[in-house]
Amino acid sequence: MASPISSIAQILANPLLGNDACKLTLESQERYLLLIKLINAHNHRYHVLDNPIIPDSDYDKLFRQLLDLEDNVPELLSIESPSQRVGGSALVQFSSVTHKLAMLSLDNAFNDTELFAFDSRLNDRLTQSNTALAYCCEPKLDGLAVSITYIDGFLDTAATRGDGSQGENITANVKTINSVPLKLQGENFPHRVEVRGEVYLSHNGFKKMNDVALKNGDKAFVNPRNAAAGSLRQLDPKMTAARPLIFSAYGIGYIEQQHPNNDQNVYLTETHSQSMRQLADWGFVINAEIKSVLNINEAIAYCHDLTHRRSELTYDIDGVVIKVDKYSLQQELGFVSRAPRWAIAYKFPAEEASTTIHAIEWQVGRTGALTPVAKLAPVFVGGVTVSNATLHNVDEITRLDVRVDDTVIIQRAGDVIPKIINVVHALRPLTSTLPELPNACPECGSKVARVTGEAVIRCTAGNNCSAQLKESIKHFVSRKALDVDGFGDKIIDQLVDHKLIFSAADLYVLSKQQLAGLDRLAEKSAENLLSALEASKKTTLARFIYSLGTREVGQATAKSLAQNFRSLNALLDTVVKISLDDKPSAIEVLTNINDIGPIVAENIYSFYNNPQNRELINRLQTAGISWENHSADEQKTQTLSGQTWVLTGTLSTMNRDQVKEILESLGAKVAGSVSKNTDCLIAGAAAGAKRAKAESLGIKIVDETAFIERFIE
Ligand code: 9MJ
């Protein structure tokens, strides 16, 4: 068969004409079947494998040809056609479906002791085996459980869990989910099979959906789970089709082989983890974090690992599901009331708690923005005691309608700064007071300003405000900027408070005596600080641009600027203007750069046109800060161009940002999770799920030493 790309090119270049375009001919039939095959294959690549190989525009053109053919030659219409994903019309209500095998819920465990108890219970019950029980560990997706029945490989019915034995028929809606195969891939599937899984929204999908809702004047959903549930239960499937839902399969329910009399549920494989591979082969999305483990200790280690990495995931999970892997053991263990004995849901510690606000203070940031911070009665949440929560800005205070003395619900997800998600207005005491908006900077007393239309109040004193100065120096020395080792917050606070530095450039003229004179700083430490400053002088243009702390110029934008201009002089030549008339041309050059919109361009323009900032740049360069400018040719020697690398485990000589920077400079893309598309995994110490996944997919794995030998030394 010709490669898909050449077929697509041919199809796009040769649309059917004349009779073939509007009548049932051999040509129109052939073209129709080819279009279905191609569109379904690229749909699978896009929605299941996350690895599209044709541009969206080509996909759209293929789809258009398919729809035109179906319009002109209705006799062609096939239930396998991707157009049938949104086939039905709006319903008045859902009919009900009886699950052939009950959809059970799961028992919960909240700590290690309860997990050990689960394992002991099972071992006590089982007579088959006296070795450790092997489990399959899976993230517990926080969406909606759905069962999809396939008959002879074709999607027949989809139902919600409902009460476990009867659910609602949501077939038309589930058919609109692109990651759900309308027909199973491959051959030899059972006559009837129920595929169980979770329908959910990624964080990105949720945001997109809410952006659209707000734009249309509709109410936003509070979380991805509610949004997914609301989307699935739309009576009009066209509404569901517009939502970026994902179906991830996590098990097989009822199975009936070819013989209709055989009412015995059978297993297709020996273990649950083998079934997951079977499901992937049939064309389903399978969660990338699923891992088989040999015993309960490894399962508990998996729970701890996922607890820490929860905030890195791009979708919500509320725990880990641990399942006995071997089906024969599952069968022997059976069920209790509404839950299987062979599985348990380990639930993460609560990440929400209620407390009271005793004050609202304003904190001055690096760019002068005043952030309201709620001072809380200390409360234990997400595993730590929290006594501050951000309120972001004035608009957020208004949105929440929050007052001092209010009772609030706070949320702490992963290592993210705790935030207030709700005010319990019913518990508001009469003594509650409205927060006062600052009319002067709480740190330096200077005037504050609020740009019309913006939610941010700013101190206008720039680096003359000691709080802003401290934050900008902390940014300058931070790992992602000039990476000056040893300059902790306390040292910087003292240097500013003792008026030893007034800008980042002053760091480079500090003497050993000045440093040794600081609180709790011995002479040896002062020497180390001076060496660290010396070492920081050799840097890259991207790091230097980032270290200057231009408003909204993060690492990625700094990298784009460095790659585009290749030297600081080229950047200054374009951006620094003598007369205001030159400004539009500078803004235009900037907005033509990837990632830079008009607001960031304006920030860059003002920053480099400010004489104080240019003096700072001069002084830093005079102090000896330098980098190598890159020529256009050098960019081409990117040895890892087009490759995708993943990092896991703990590295001993480098941090993740450094490795990422090296990989990106060599042209590689750095991804968060292992998939079939990963070219190589760098595995540090205690590498867990990602290493196992890479091993199972036969992906190349290198350790830290091998990486350093190959790319750094
Ligand atoms: C979720 N929610 O991700 C199960 N689940 O298995 C996974 N739920 C489950 N498995 C049996 N991964 C009953 C429920």
Side-chain angles (χ1 to χ4, degrees), residues 99-109 115 118 122 133 135-148 158-165 167 174 177 179-180 193-203 223-229 232 245-255 265 267 269 271-280 284-293 299 302-303 305-307 309-310 313-327 329-331 333-348 673 689 693:
H99 301 299
K100 284 199 157 257
L101 195 71
M103 284 186 84
L104 299 160
S105 52
L106 295 166
D107 269 347
N108 293 325
L115 290 176
F118 161 73
L122 302 196
L133 274 174
Y135 294 102
C136 185
C137 302
E138 311 169 1
K140 188 166 182 301
L141 301 169
D142 198 7
L144 242 90
V146 168
S147 179
I148 312 178
T160 59
R161 195 173 89 84
D163 65 3
S165 60
V174 167
I177 303 173
S179 49
V180 171
V193 58
E194 283 176 0
V195 176
R196 305 256 161 105
E198 202 83 353
V199 170
Y200 69 99
L201 280 163
S202 69
H203 295 151
N223 60 40
R225 200 199 117 81
N226 285 2
L232 260 193
L245 297 168
I246 302 169
F247 174 78
S248 178
Y250 60 61
I252 294 181
Y254 180 81
I255 299 172
N265 201 43
Y267 296 110
T269 55
T271 63
H272 169 73
S273 43
Q274 285 165 353
S275 284
M276 299 309 282
R277 270 175 286 235
Q278 169 74 85
L279 286 166
F284 290 95
V285 168
I286 303 297
N287 188 279
E289 304 288 342
I290 295 179
K291 187 186 176 194
S292 311
V293 299
Y302 177 95
C303 292
D305 176 53
L306 211 60
T307 307
R309 293 190 302 110
R310 179 183 186 185
L313 300 178
T314 53
Y315 46 85
D316 280 354
I317 59 172
D318 58 351
V320 170
V321 184
I322 302 174
K323 298 174 180 169
V324 170
D325 204 18
K326 225 174 179 176
Y327 281 136
L329 298 180
Q330 285 192 8
Q331 206 159 27
L333 287 163
F335 306 90
V336 269
S337 59
R338 289 162 44 83
R341 278 204 190 85
W342 43 263
I344 198 147
Y346 168 78
K347 289 288 190 81
F348 292 139
S673 59
K693 175 104 194 281

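Note that ligands are numbered from 1 as they come in the structure, with each ligand's atoms numbered from 1 the same way. Source: prediction; values computed, not measured.
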Note to self: Regarding S275 and Y327, do their side chains bring together a donor and an acceptor under 3.5 Å, going by distance alone?
What the structure shows: yes
Next item on the list: Please list, by chain and number, the protein residues whose heavy atoms come under 4.0 Å of ligand 1.
Entry: L104, L106, E138, P139, K140, L141, E198, Y250, V321, K323
Margin query: Going by side chain to side chain donor-acceptor pair (under 3.5 Å), name the residues that satisfy it together with S147, two or more places apart in sequence or in a different chain.
Written below: R196
Checklist line | Value rounded to 0.5 Å, distance of CH2 in W342 from CD1 in I322 | finding: 13.0 Å
Margin query: Suppose we screen for side chain to side chain donor-acceptor pair (under 3.5 Å). Which residues come up paired with E289, at least two apart in sequence or across chains?
Written below: R309
Check: Residues two or more places apart in sequence or in another chain: which of them pass side chain to side chain donor-acceptor pair (under 3.5 Å) with K323?
Finding: E138
Notebook entry, point to check: How many angstroms lie between NE2 in H99 and OG1 in T160, if you round to the nearest 0.5 Å?
Noted result: 6.0 Å
